[in-house]
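Inspection log for the structure reproduced underneath, given as structure tokens.
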Amino acid sequence: MSVTTVAAIVLAAGQGTRMRSRVPKVLHQLAGRTMIDHVLDTLAAAGVEPLVVVTGHAAEAVEVRLAGRVETARQEPQRGTADAVRIGLARVPASTRQVIVAMGDAPLVPGEIFTGLIAEQADGREIALLSARVTDPTGYGRILRGAAGEVTAIVEERDADAATRAIDEVNAGTYCFDAAWLRENVERAPASASGEHYLTDLVALAVTDGRRVAVLRAPRPELAMGINDRVGLAAAERVLRTEIAERHMRAGVSIVDPASTFIDATVQIEADARIEPFTILHGTTTVAADAVIGPHAQVSDSTIGARTSVWASVVESSSVAEDVQIGPYSHVRPGCQIGPRCRIGNFAELKKTSVGAGTQQHHFSYLGDAEVGAEVNIGAGAVTANFDGQTKHRTVIGDGAFIGVDTMLRAPVTVGPGARTGAGAVVTRDVPAGKTVVGMPARPIEIRRRSRDA
Amino acid sequence: MSVTTVAAIVLAAGQGTRMRSRVPKVLHQLAGRTMIDHVLDTLAAAGVEPLVVVTGHAAEAVEVRLAGRVETARQEPQRGTADAVRIGLARVPASTRQVIVAMGDAPLVPGEIFTGLIAEQADGREIALLSARVTDPTGYGRILRGAAGEVTAIVEERDADAATRAIDEVNAGTYCFDAAWLRENVERAPASASGEHYLTDLVALAVTDGRRVAVLRAPRPELAMGINDRVGLAAAERVLRTEIAERHMRAGVSIVDPASTFIDATVQIEADARIEPFTILHGTTTVAADAVIGPHAQVSDSTIGARTSVWASVVESSSVAEDVQIGPYSHVRPGCQIGPRCRIGNFAELKKTSVGAGTQQHHFSYLGDAEVGAEVNIGAGAVTANFDGQTKHRTVIGDGAFIGVDTMLRAPVTVGPGARTGAGAVVTRDVPAGKTVVGMPARPIEIRRRSRDA
Amino acid sequence: MSVTTVAAIVLAAGQGTRMRSRVPKVLHQLAGRTMIDHVLDTLAAAGVEPLVVVTGHAAEAVEVRLAGRVETARQEPQRGTADAVRIGLARVPASTRQVIVAMGDAPLVPGEIFTGLIAEQADGREIALLSARVTDPTGYGRILRGAAGEVTAIVEERDADAATRAIDEVNAGTYCFDAAWLRENVERAPASASGEHYLTDLVALAVTDGRRVAVLRAPRPELAMGINDRVGLAAAERVLRTEIAERHMRAGVSIVDPASTFIDATVQIEADARIEPFTILHGTTTVAADAVIGPHAQVSDSTIGARTSVWASVVESSSVAEDVQIGPYSHVRPGCQIGPRCRIGNFAELKKTSVGAGTQQHHFSYLGDAEVGAEVNIGAGAVTANFDGQTKHRTVIGDGAFIGVDTMLRAPVTVGPGARTGAGAVVTRDVPAGKTVVGMPARPIEIRRRSRDA
């Protein structure tokens with residue numbers, strides 16, 4: 001098949017009342033992306049193009065979100081899935097030979113299902129549909145099969161007798177149609193009592209007509225079905241997370257307890273890194289070999305170097321070099337660069353701060369808007385007073401400086417290389433290299449001594 | 001049925017040796033309530049009244065716990081469940097037509113089971129009993145059924161041949177009896193070798209006698225059975241937690257990972273709130289719409305406003321308004337009221353403190369017994385020295401005040417609106433509105449400068 | 001059987017490429033011990049001795065790790081499992097009558113399996129092998145059985161027809177051999193296309209020869225099979241953890257949620273202790289009765305006293321007495337002894353510090369290299385300045401002392417019993433018993449007042 005001849009119509013018009021949410025159903029989040037993003041990304045990766053999303057309920061919110069990415073067609077009023085497909089078809093190019101119909105609320109359907117349906121349909125059938133064997137088939141169209149396994153009917157719940165209701169193979173709602181057949185027949189779906197036209201009825205009709213309908217049964221039913229409520233959403237999240245964790249483990253990452261580890265699909269981890277329990281890795285985070293993240297760590301959009309450990313701490317939008325130890329209970333806020341062999345924590349906070357190699361910030365303390373050199377020692381209770389009530393100011397600390405306990409650095413201020421500050425010093429002026437200052441306000445120690453003696 | 005004609009006898013006399021605990025078995029906790037509380041609450045909610053609890057092992061501890069709530073009757077010595085029912089019956093009013101016998105260690109039996117047994121028994125039977133199909137029936141009485149599904153015998157383990165032992169439908173130990181029949185027959189239960197009289201034997205006798213015994217099979221066996229050890233207790237806890245989480249999700253709450261989220265039955269959450277992993281919500285906590293709790297948060301007996309986030313922090317017995325950001329690593333201790341749009345954290349501690357709208361306490365610091373106005377800035381390291389070794393004193397900080405880094409506020413003390421304190425200031429006297437104080441002890445900045453110049 | 005006549009050869013020569021690791025497969029960690037440690041410990045506990053480990057891939061790393069513990073024999077080049085057994089046999093004493101062959105990557109095989117195989121083999125068979133029924137038998141040798149259940153063949157994947165491939169009982173790879181038969185036959189295993197000699201082929205040969213081969217089917221297949229990749233490693237970790245948790249629960253420990261609780265096999269916990277979710281207990285930790293550990297706690301190599309709680313905190317290599325409350329967000333670093341009834345936290349840090357009974361360190365603060373008496377109060381922000389840039393110095397604080405907020409104790413320094421320090425004091429000299437010092441540097445309060453008045 002040539003990919004240019006397959007289009008997809010993604011149905012996103014339904015109300016999703018069982019989500020009980022102000023947020024439109026297809027915009028609910030799943031492992032960091034919206035449901036419909038998952039569907040569109042999978043279709044695009046499978047080479048299906050163009051994609052047309054049919055909106056309806058809360059159409060504007062969905063359209064705003066998809067603007068510039070795919071074409072949308074609005075169904076107004078919402079009169080059923082067959083009607084939605086009819087509206088979407090109007091945006092499908094005339095040259096299209098096959099039309100996928102996908103559900104915007106079935107984010108787990110894998111690419112192979114779509115390509116499988118395309119292949120099945122291309123093999124001389126008008127329709128290829130996805131089926132699944134489910135534990136509770138209530139509400140779904142049952143697939144009836146003949147002796148040779150061929151589809152003989154699709155019976156909706158309302159028309160099913162007890163025997164048919166007991167069938168657990170159901171129509172999952174995802175299809176590949178012959179485009180020509182679909183164009184000719186889409187309006188034939190009968191109106192329901194409430195005046196809606198359902199795609200399932202159209203397919204049932206095709207079977208009754210003796211059309212060739214292939215059925216592809218989903219190997220994993222939990223991936224095939226749409227999400228109806230937040231219980232289903234949570235279950236889908238777990239499926240996705242398990243897949244992500246297993247992918248990393250097969251690639252050589254140790255994950256002590258995949259069930260209590262949350263890794264976004266976008267995170268990269270090198271082999272022989274180790275992820276401990278109760279850990280969350282978000283966004284564009286990358287973790288190098290032999291790093292240990294967790295337990296109880298959260299890292300988002302950050303780079304973690306080789307052999308570095310992040311223990312019971314939060315690291316956000318920062319870059320941490322190799323052989324660093326962070327935590328427990330430290331907070332590296334956005335915009336930090338931490339050099340190799342640093343020790344950060346416990347109860348240490350950094351924000352928009354660069355730290356040179358081998359620097360130690362062992363205890364409760366705050367470095368904000370600072371440029372800290374190598375081999376610096378930051379004492380317990382030290383603070384960069386970077387905010388004067390109006391603006392933020394920078395602090396510069398030179399290599400090898402020793403910032404005493406409880407030292408306040410009133411920014412803007414510079415502490416030279418090798419300089420020292422006394423316990424409780426309030427540093428309001430620059431400290432020259434190698435000098436020691438003490439007191440409040442801090443003055444060179446020899447001056448303080450002299451004035452005391454005087 | 002009229003509720004006034006149904007009583008329940010709850011059996012709580014057993015020793016529960018497999019719990020290996022000094023705590024009486026029925027007083028073990030499950031999702032924040034004791035086992036027997038669950039049973040009594042369910043019966044009461046099902047309209048069953050009066051409730052009589054038969055105590056025995058560790059009777060006093062159980063009786064103390066139930067005092068003023070339900071009637072108790074002590075079984076002394078403990079001579080089996082039939083004997084316990086006999087003792088309980090003495091407290092059941094003569095007008096009672098139906099008697100539920102419930103196990104104090106089966107906290108998951110749902111109300112519908114009790115009402116179902118009541119209805120089954122009322123339908124012309126002497127007894128309705130609860131059965132369950134279990135994976136390992138060892139030790140339980142097996143239910144034998146005839147061709148039409150009717151109960152033909154209940155065979156105890158000791159009397160069972162191999163074929164009978166293979167039956168996996170067992171007597172779960174929960175019943176509804178015709179009160180008159182029970183009164184007449186309760187003493188007929190034969191004595192075992194150890195001199196005990198078992199209810200199961202009484203029921204087996206009824207079957208042998210040709211009495212009409214209805215069996216209600218539990219749809220979910222894990223809810224029907226008693227808890228024998230702490231492995232069973234942990235499993236029951238998970239069942240309860242899953243139910244609570246699913247109830248919230250169906251009502252519109254997003255719970256990213258129900259398996260790592262612990263929500264007490266008493267917690268209320270509005271639709272479109274979001275609970276992240278590793279989070280615990282206790283007691284009377286309420287969470288408003290669009291709030292985000294977690295990851296790694298613990299909130300107990302507190303009110304959380306709309307759009308507020310509590311991230312990797314602990315909030316206890318406090319009230320937090322809307323649009324507040326707390327965390328990571330903050331601790332709001334009991335007795336705080338936090339106004340809208342505040343920023344609390346990281347490493348911030350508050351205790352018995354009210355905070356006005358828009359106030360910022362961004363870093364490690366401690367506010368205790370304080371009344372803080374709106375739009376106040378609390379610097380890193382700031383502390384209310386509220387304790388002098390004997391008593392606690394209050395601190396008052398006016399609107400728009402700027403508390404510099406490392407400022408010590410020696411309570412009782414008041415900092416006026418718009419006042420400022422310098423880095424490291426030790427404030428021992430009230431600061432007038434709009435004034436700036438510096439130094440240790442803190443004095444108005446103009447006086448400090450003068451004295452320094454002098 | 002006499003234990004001196006049973007030896008074991010443990011196969012640890014394989015490459016384990018699917019682990020995708022620089023670490024040799026059998027050295028991967030599982031619940032705190034390497035895979036091969038688990039195997040050797042289980043064999044030793046079952047009384048099997050001597051143990052010979054056959055190394056090959058990454059032989060040196062494995063041999064270094066096992067040095068002084070068991071004998072190793074190197075297979076070079078690696079030419080299959082039968083060849084490895086041949087090499088191992090050379091180290092087995094001539095007096096040995098039975099030879100266990102165990103897999104170094106099957107750490108969950110329980111001791112009863114080994115003793116069961118020994119007994120089966122001793123019962124007149126040349127070989128006893130372990131089988132398991134698995135969900136996916138692909139790649140394993142299938143066990144074919146006759147009408148009486150006797151083994152008629154073991155068919156490797158490459159030789160299996162479709163019907164045989166469908167058999168789900170497989171050769172798990174663990175054996176007990178008659179030592180004499182093994183010595184005579186070990187070289188008969190045919191070479192594969194790649195020149196390797198497989199033990200499975202040797203066993204298949206024995207069956208074909210009409211030798212008596214007993215099969216012991218593993219009651220829990222998940223314990224029988226080798227670990228192939230990190231997905232399997234994580235699954236094994238969960239099996240082990242579940243077993244440990246259930247053992248504690250059956251012994252009377254409350255574990256609220258075993259799935260989110262990590263307890264090393266070496267940890268000891270008394271009955272009626274309670275472990276809350278998201279908690280990790282490591283190493284030689286012991287927990288006394290009625291202690292509450294967690295939620296969100298980590299304790300390693302520490303002693304926790306009765307009724308003590310460790311809440312959302314880290315305790316390392318320390319000893320904590322009874323009735324202590326720690327947390328949330330505290331860090332007890334190695335080398336601390338904390339007396340009864342102390343209150344530690346939030347945001348408190350201690351290192352190499354002893355603390356007497358009833359002392360309070362309620363807020364952010366740091367005690368390092370300190371000896372703190374009983375009934376001491378440590379104010380918020382207090383710090384022992386124990387490091388001068390070169391060495392660590394000690395701080396001594398007497399009973400009943402009151403260390404004011406933000407007090408810096410420049411070690412070495414002693415604060416006498418009942419002494420007090422003022423807010424923000426920088427204590428550079430010893431404080432006599434009962435005295436109060438204030439200021440920076442701290443001086444007796446009467447002197448400060450005099451100089452201020454002057």
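Hydrogens, waters and symmetry mates are skipped; everything else that's a heavy atom, side chains included, is used. Lettering follows sequence order; numbering is per chain, from 1.
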Can you tell which of C/G368, C/G389, C/P441 has the highest number of heavy-atom pairs within less than 4.5 Å of chain A?
C/G389
Does any backbone or side-chain atom of C/D406 lie under 4.5 Å from a heavy atom of chain A? Answer side chain, backbone, both or neither.
both
Measure distances from C/R18 to the heavy atoms of chain A and classify the residue's part below 4.5 Å as side chain, backbone, both or neither.
backbone
Less than 4.5 Å to any heavy atom of chain A: does that hold for the side chain of C/A312, its backbone, both, or neither?
backbone
How about NZ on C/K352, more than 12 heavy atoms from neighbouring residues, nucleotides or ligands closer than 6.0 Å, or not?
no
Chain C interface, residue from A/N377, A/I255, A/V253 that has the most non-hydrogen pairs under 4.5 Å:
A/V253
Proximal component of C/V314, with respect to chain A [non-hydrogen, under 4.5 Å]:
both
Need one label for C/T279: side chain, backbone, both or neither, based on atoms under 4.5 Å from any heavy atom in chain A.
backbone
Is it true that C/F364 and A/Y329 have ring centroids separated by less than 6.0 Å?
no
Can you tell if the side chain of A/D257 reaches within under 4.5 Å of the side chain of C/R241, non-hydrogen atoms only?
yes
Using heavy-atom distances under 4.5 Å, tell me whether C/V426 contacts chain A through its side chain, its backbone, both, or neither.
side chain
Region of A/R448 that comes under 4.5 Å of a non-hydrogen atom in chain C
neither
Best-contacting candidate, C/A235, C/G232, C/S260, against chain A by heavy atom pairs under 4.5 angstrom
C/S260
The interface call for C/S330 against chain A, heavy-atom contacts under 4.5 Å, is backbone
Heavy-atom pairs under 4.5 Å with chain C, option from A/A423, A/P258, A/A245, A/G439 with the top count
A/A423
Passes side-chain contact (heavy atoms from CB on, under 4.5 Å), C/M440 versus A/V438? Steps please.
CA-CA 9 Å; C/M440 181 194 311; A/V438 299; over 6 Å; no
Could you tell me which portion of C/F262 (side chain, backbone, both or neither) has an atom closer than 4.5 angstrom to a non-hydrogen atom of chain A?
side chain
Chain A contact via C/M19 - which portion, at a heavy-atom distance below 4.5 Å:
backbone
Determine yes or no for a side-chain-to-main-chain donor-acceptor pair under 3.5 angstrom, with C/D229 supplying the side chain and A/M249 the backbone.
no
Could you check if a side-chain atom of A/W311 sits within less than 4.5 angstrom of a side-chain atom of C/Q298, using non-hydrogen atoms only?
yes
Taking the basic N atoms (NZ, or NE/NH1/NH2) and the acidic carboxylate oxygens, is any pair closer than 4.0 Å for C/R20 and A/D272?
no
Assert top hit (heavy-atom pairs under 4.5 Å, partner chain A, pool C/S365, C/A31, C/G381, C/A259) equals C/S365
Under the criterion side-chain contact (heavy atoms from CB on, under 4.5 Å), I'd like the reasoning laid out for A/R250 against C/R230: C-alpha separation, chi angles, the key distance, then a yes or no.
CA-CA 6 Å; A/R250 289 190 210 289; C/R230 303 208 204 205; over 6 Å; no
Are A/F278 and C/I280 close enough that some pair of their side-chain heavy atoms sits under 4.5 Å apart?
yes
One option among A/G422, A/A289, A/P277 has the most heavy-atom pairs under 4.5 Å with chain C, and it is A/P277
CZ of A/R247: more than 12 outside heavy atoms within 6.0 angstrom?
yes
So, taking the atom named OG in A/S254 and the one named NE2 in C/H28, what distance separates them when rounded to the nearest 0.5 Å?
6.0 Å
Highest number of heavy-atom pairs under 4.5 Å with chain A: which of C/V23, C/V231, C/L233, C/V383?
C/V231
Within a reach of under 6.0 Å around CZ of A/R217, are more than 12 heavy atoms found that belong to other residues, nucleotides or ligands?
yes
Identify which part of A/H296 has an atom lying under 4.5 Å from any heavy atom of chain C, answering side chain, backbone, both or neither.
side chain
What option among C/G424, C/A385, C/A425, C/S21 has the most heavy-atom pairs under 4.5 Å with chain A?
C/S21
Going from CG on A/N346 to CZ on C/R333, what distance comes out if it is rounded to the nearest 0.5 angstrom?
6.5 Å
Is it the case that atom CD in A/Q268 sees more than 12 heavy atoms from other parts of the structure closer than 6.0 Å?
no
